[in-house]
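First comes the structure, then the notes that go with it.
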Amino acid sequence: MASGGNGTAGHLSGELFKMMAGLNMVHVPYRGEAPALTDLLGGHVQAMFGTMPASIEYVRAGKLRPLAVTSARPSELLPDLPTVGDFLPGFEQSAFFGIGASRNTPSDTIDRLNKEINAGLADPKIKAQLADLGGTPLPGSPADFAKLIADETDKWAKVVKFAGIKPE
């Protein structure tokens, strides 16, 4: 199982899959997702939990066969592709990006930033660009984002402990 390196989203996705499915796959860490994907395409490794932006053009060109998406819902880019959760109930892994500010930032500034960011995420052009890369906007409040971070931290801490992953 190739990944872009130890501790990356692809590595942790594979470890979560191993943990939930009760199976073993040998982790082969690379120095980035591109060389891992190159070796997958070349048949040097058998599987990879890759990101949609890095993989989608190979899928479109017929050079890479996707088996499932790791998100909770099917991808808009590949609507006929099942989710891993369809055959491994409870499995979900989605990368997310967010914007943070210093703890001392005034609340009115935070509120304005949140309002403008949510407006941007609602813009059809931005939504279309994100969708073309396999992304889904996740608007919400600062409290929603804090909860997401806390929940994801708890989830992945269990995977890291299970897999015995150590910082390098």
Side-chain angles (χ1 to χ4, degrees), residues 1-100 120-121 123-139 145 148-149 151-168:
M1 172 192 73
S3 81
N6 289 322
T8 61
H11 176 206
L12 295 178
S13 295
E15 296 297 343
L16 177 63
F17 185 80
K18 288 165 52 175
M19 183 176 84
M20 292 181 70
L23 56 86
N24 189 26
M25 294 186 288
V26 176
H27 175 230
V28 183
Y30 286 78
R31 298 187 92 170
E33 189 171 14
L37 190 54
T38 298
D39 272 7
L40 178 66
L41 292 166
H44 302 290
V45 291
Q46 287 73 43
M48 180 176 166
F49 288 81
T51 63
M52 188 72 75
S55 305
I56 191 62
E57 290 306 320
Y58 295 107
V59 172
R60 288 175 176 156
K63 294 180 179 182
L64 183 63
R65 184 180 69 158
L67 301 177
V69 294
T70 61
S71 55
R73 286 182 233 114
S75 167
E76 290 181 22
L77 287 180
L78 303 167
D80 296 329
L81 198 62
T83 68
V84 175
D86 288 342
F87 55 88
L88 187 59
F91 185 98
E92 188 277 333
Q93 187 280 326
S94 298
F96 64 89
F97 298 91
I99 298 173
L121 291 174
D123 180 276
K125 288 181 184 176
I126 291 175
K127 286 175 80 169
Q129 287 177 327
L130 288 170
D132 191 48
L133 294 171
T136 304
L138 188 62
F145 190 47
L148 176 65
I149 291 170
D151 291 348
E152 290 290 298
T153 300
D154 289 345
K155 173 182 177 176
W156 295 109
K158 292 172 187 166
V159 173
V160 167
K161 183 176 180 180
F162 170 81
I165 300 169
K166 305 282 186 226
E168 293 182 356

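The figures that follow rest on heavy atoms only: side chains count, while hydrogens, waters and symmetry mates do not. From a predicted model like this one, the values you see are computed outputs, not experimental measurements.
- To the nearest 0.5 Å, atom CG of residue Leu88 and atom CG of residue Leu16 are 7.5 Å apart.
- For Pro139, the side chain to side chain contact (heavy atoms under 4.5 Å, CB included) test picks out Asn118, Leu121, Pro137, with sequence neighbours left out.
- Within a 6.0 Å radius of NZ in Lys155, other residues, nucleotides and ligands contribute more than 12 heavy atoms.
- With contacts defined as side-chain heavy-atom distances shorter than 4.5 Å, the pair Leu133/Ile56 does not qualify.
- Within a 6.0 Å radius of CD in Glu76, other residues, nucleotides and ligands contribute 12 heavy atoms or fewer.
- Note that CD of Gln93 is 4.5 Å distant from OG1 of Thr70, once rounded to the nearest 0.5 Å.
- The CG atom of Leu12 sits 11.0 Å away from atom NZ of Lys18, with the distance rounded to the nearest 0.5 Å.
- With a 4.5 Å cut-off on side-chain heavy atoms, His11 and Pro29 do not count as touching.
- Side-chain contact check for Val59 versus Met52: every heavy-atom pair is 4.5 Å or farther apart.
- Leu148 CG to Thr153 OG1: the interatomic distance, rounded to the nearest 0.5 Å, is 9.0 Å.
- We find the CG-OH distance between Leu37 and Tyr30 to be 10.5 Å, quoted to the nearest 0.5 Å.
- Atom OH of Tyr58 is surrounded by 12 or fewer heavy atoms from other residues, nucleotides or ligands within 6.0 Å.
- Distance check, rounded to the nearest 0.5 Å: CD of Glu92 to CD of Glu152 gives 6.5 Å.
- The 12-atom threshold is exceeded at CG of Leu23, counting heavy atoms of other residues, nucleotides or ligands nearer than 6.0 Å.
- Within 6.0 Å of CZ on Arg73 lie no more than 12 heavy atoms contributed by other residues, nucleotides or ligands.
- Proximity of Met1 to Phe17: side-chain heavy atoms (C-beta onward) are nowhere separated by under 4.5 Å.
- With sequence neighbours excluded, the residues that form a side chain to side chain donor-acceptor pair (under 3.5 Å) with Thr83 are Asp86.
- Thr51 and Glu33 are linked by a side-chain donor-acceptor pair at a separation below 3.5 angstrom, with hydrogens and angles left out of the test.
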